[in-house]
Amino acid sequence: MADFRSSILSELDWRGFVHQSTDEEAIDELLVDKRINLYCGFDPTASSLQVGNLLPLMMLAFFRRHGHQPLAIVGGATGLIGDPSGKDEERNLLDEEALQANLDGISDQMDRVLERAVEMHPETLGTAPGNLPSGSTPLLNNADWLGELSFLEMLRDIGKDFRVNSMINKESVRDRLEEREQGISYTEFSYMVLQAYDFYHLYREHDCQLQVGGSDQWGNITAGADLIRRKLGETAHGITAPLITTASGEKLGKTAEGTVWLDPDRTSPYEFYQYWVRRDDKETPQLLRMFTFLPHEEVEEMTATIEAGDNRGEVQEKLAWEVTSLVHGKDAADFASRASDVLYGETIEGMTDEELAKIFSDVPSTTLDRDRLTGEGIEIRDLFVETDLQSSRGAAKRLIRQGGGYLNNEQIEDLRYHVTTDDLASESMLVLRSGKKNYHLVQVE
RNA sequence: GGUGGGGUGCCAGAGUGGACAAAUGGACCUGACUGUAAAUCAGGCGCCGAGAGGCUUCGUAGGUUCGAAUCCUACCCCCACCA
């Protein structure tokens, strides 16, 4: 690890964000006493960012905390094309309407995260070359400049500066060329040219000298820097972050259930928090570095705790709180943390509807007619199936036999138990649970 | 277009007339130990059934047989090599 003069680069380096870069020393020099503009592009493939996108977003956040000005670029134009990097098959193209919805959703999230990023942990804010950027992060859509470019202009002015020879040597393209199955379309092949043009445009129009991104963006970033050199004879820079995987080798932010989103309507803050709480000890230190603004000493202390085998889960709780707080706000993080305490606590009884509804607000719920609980009541297995906690009566049977069925946090022993109004945990609610962590709230009406 | 190989449960992959609801591994689920972690151990993993047991599955549709994932016929799809 080199010693850096600029606060931001030493910070990024310490936190493990620097995987590849065009020229570390030059970048360091550039960042020492001048505020620069930098950018990272985000593809609008969905209406929400996911945990995987958080990595480059954190880079922007750190830059901002060190007094630099991030620009968030959404790929309104490139999103129409689809980036082949890291993809093994051709992507479906989005129509413009869907794209617009995605752009709105994503830009909103980025802005909020970058806003909170400068509000959290003031004690670790960087020594800024300029005043801290305030207000929203400038958000640009590359459709604004790429859209105006005609195909002929493109070929004449830009295409000249691209050597196909070097383009096919880029990993993102080569992988696809060697893959006989899929190949690569001309459209996707051109993606790199567009992204390079973005960098060129931003360099000229917005004085943007640095591009950051995930490691899969390396080829695209250098293509941009090359274009700037050829056209202007000037030097622009790029930094990529390493690819982060979980201890079991999966992509960050993917679970068996699917993707962890930043959009609270897709992944509730509680589930988001839970995702981080459940991280493996082995990956937690790295996550603390990259996804929190905690001071180095604190991170090192927690790392030592884990290495000594003394962690009882509090490190993950800290991590979860910090990340949730950044993405969803302090209140949401506090709430998720409190809800977790109750949910992983003991028997639920003698509570009011209000209390229960609050704690379980993020948990899936079902409404049931009151008459179904009167008289005989409803058989417990049917309840498991109706709430989707189990896929069939057979599965519910197994679950209960194995001791994984809980009603109001109490283990169900009788396979043929019938649930009646006597089982209500509060005035009108029941809490059904499958295994350790799957809750379902049943509301009776 | 020609030739060869193949389609089995979430995935990989055995099975090639009865012992097959289908080996084995992974994923996944549950329990124990813990910390909502890892590792380990135990159990489970088509549907119905308290159970005995029953029912529906091996690309699709027919057929042979007492009996088919296994044999035959047609069709669909995939792969390899050749052109």
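Chain identifiers are assigned alphabetically (A, B, ...) following the order of the sequence lines, protein sequences preceding nucleic acid strands; residue numbering begins at 1 within each chain. Computation of the quantities below employed the complete heavy-atom set of this structure, encompassing side-chain atoms and omitting hydrogens, waters and symmetry-equivalent molecules.
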Take atom [atom1] of [X] and atom [atom2] of [N], then tell me their distance rounded to the nearest Å.
X      : N      : atom1 : atom2 : result
A/Q390 : B/rG44 : CD    : P     : 17 Å
A/L288 : B/rA37 : CG    : P     : 18 Å
A/N409 : B/rU36 : CG    : P     : 13 Å
A/F272 : B/rU36 : CZ    : C1'   : 17 Å
A/R398 : B/rC29 : CZ    : P     : 14 Å
A/F384 : B/rC48 : CZ    : C1'   : 19 Å
A/Y344 : B/rG35 : OH    : P     : 15 Å
A/Q316 : B/rG35 : CD    : C1'   : 8 Å

Would you say the base of [N] and the side-chain of [X] have a donor-acceptor pair closer than 3.5 Å?
X      : N      : result
A/R278 : B/rU36 : yes
A/K397 : B/rU30 : no
A/Q402 : B/rG31 : no

Next on the checklist: Go nucleotide by nucleotide along RNA chain B from the 5' end; which of A/R381 and A/E250 gets its closest nucleotide reached first?
Outcome noted: A/E250
Checklist outcome for this item: Judged by nearest nucleotide, the residue sitting upstream toward the 5' end of RNA chain B, A/D280 or A/G435, is A/G435
Sugar-phosphate, base or nothing in reach of [X], heavy atoms under 4.0 Å:
X      : answer
A/Y273 : nothing
A/G404 : sugar-phosphate
A/S434 : sugar-phosphate
A/D281 : base
A/R416 : base
A/Q274 : base

Checklist entry - Quick one: do A/R372 and A/E386 make a salt bridge, cutoff under 4.0 Å? => result yes
Checklist entry - Does a salt bridge link A/R381 with A/E379, judged by any charged N lying under 4.0 Å from a carboxylate O? => result yes
For a quick check under 3.5 Å, do [X] and [Y] share a side-chain donor-acceptor pair by atom type?
X      : Y      : answer
A/S248 : A/E250 : yes
A/N142 : A/T78  : yes
A/D423 : A/Y417 : yes

In the strands shown, is [N] matched to any nucleotide by a Watson-Crick or G-U wobble pair with both distances under 3.5 Å, and which?
N      : answer
B/rA12 : B/rU24
B/rC33 : none
B/rU70 : none

Item to check | Exceeds 12 heavy-atom contacts within 6.0 angstrom, atom CD of A/E427 | outcome: yes
Checklist entry - Around A/R5, counting heavy atoms of other residues, nucleotides and ligands shown, do more than 12 lie under 6.0 Å from its CZ? => result no
Next on the checklist: salt bridge (Lys or Arg N to Asp or Glu O under 4.0 Å) for A/K318 and A/E322? Distances and angles first, verdict last.
Outcome noted: CA-CA 6 Å; A/K318 183 73 180 167; A/E322 290 290 332; 3.6 Å; yes
If the [atom1] atom of [N] is compared with that of [M], how far apart are they to the nearest Å?
N      : M      : atom1 : result
B/rA69 : B/rA14 : C1'   : 12 Å
B/rG43 : B/rC48 : C1'   : 22 Å
B/rA23 : B/rG44 : P     : 13 Å
B/rG26 : B/rC45 : C1'   : 13 Å
B/rC28 : B/rC78 : P     : 31 Å
B/rU56 : B/rA21 : C1'   : 10 Å
B/rC66 : B/rG17 : C1'   : 12 Å
B/rC11 : B/rU60 : P     : 14 Å

Checklist outcome for this item: What residues 289-312 of chain A contributes to the RNA chain B interface at heavy-atom separation below 4.0 Å is A/N311, A/R312
Item to check | A/S340 vs B/rU36: side-chain N/O to OP1/OP2 distance below 4.0 Å | outcome: no
Checklist entry - Looking only at side-chain N and O atoms, does A/R401 come under 4.0 Å of OP1 or OP2 in B/rG49? => result no
Item to check | Pairing residues for A/E11 by the salt bridge (charged side-chain N to carboxylate O under 4.0 Å, His left out) criterion, not counting sequence neighbours | outcome: A/R15
Checklist outcome for this item: Residue pairs passing the salt bridge (Lys or Arg N to Asp or Glu O under 4.0 Å) test with at least one member in residues 283-295 of chain A, sequence neighbours excluded, are A/R279-A/E283
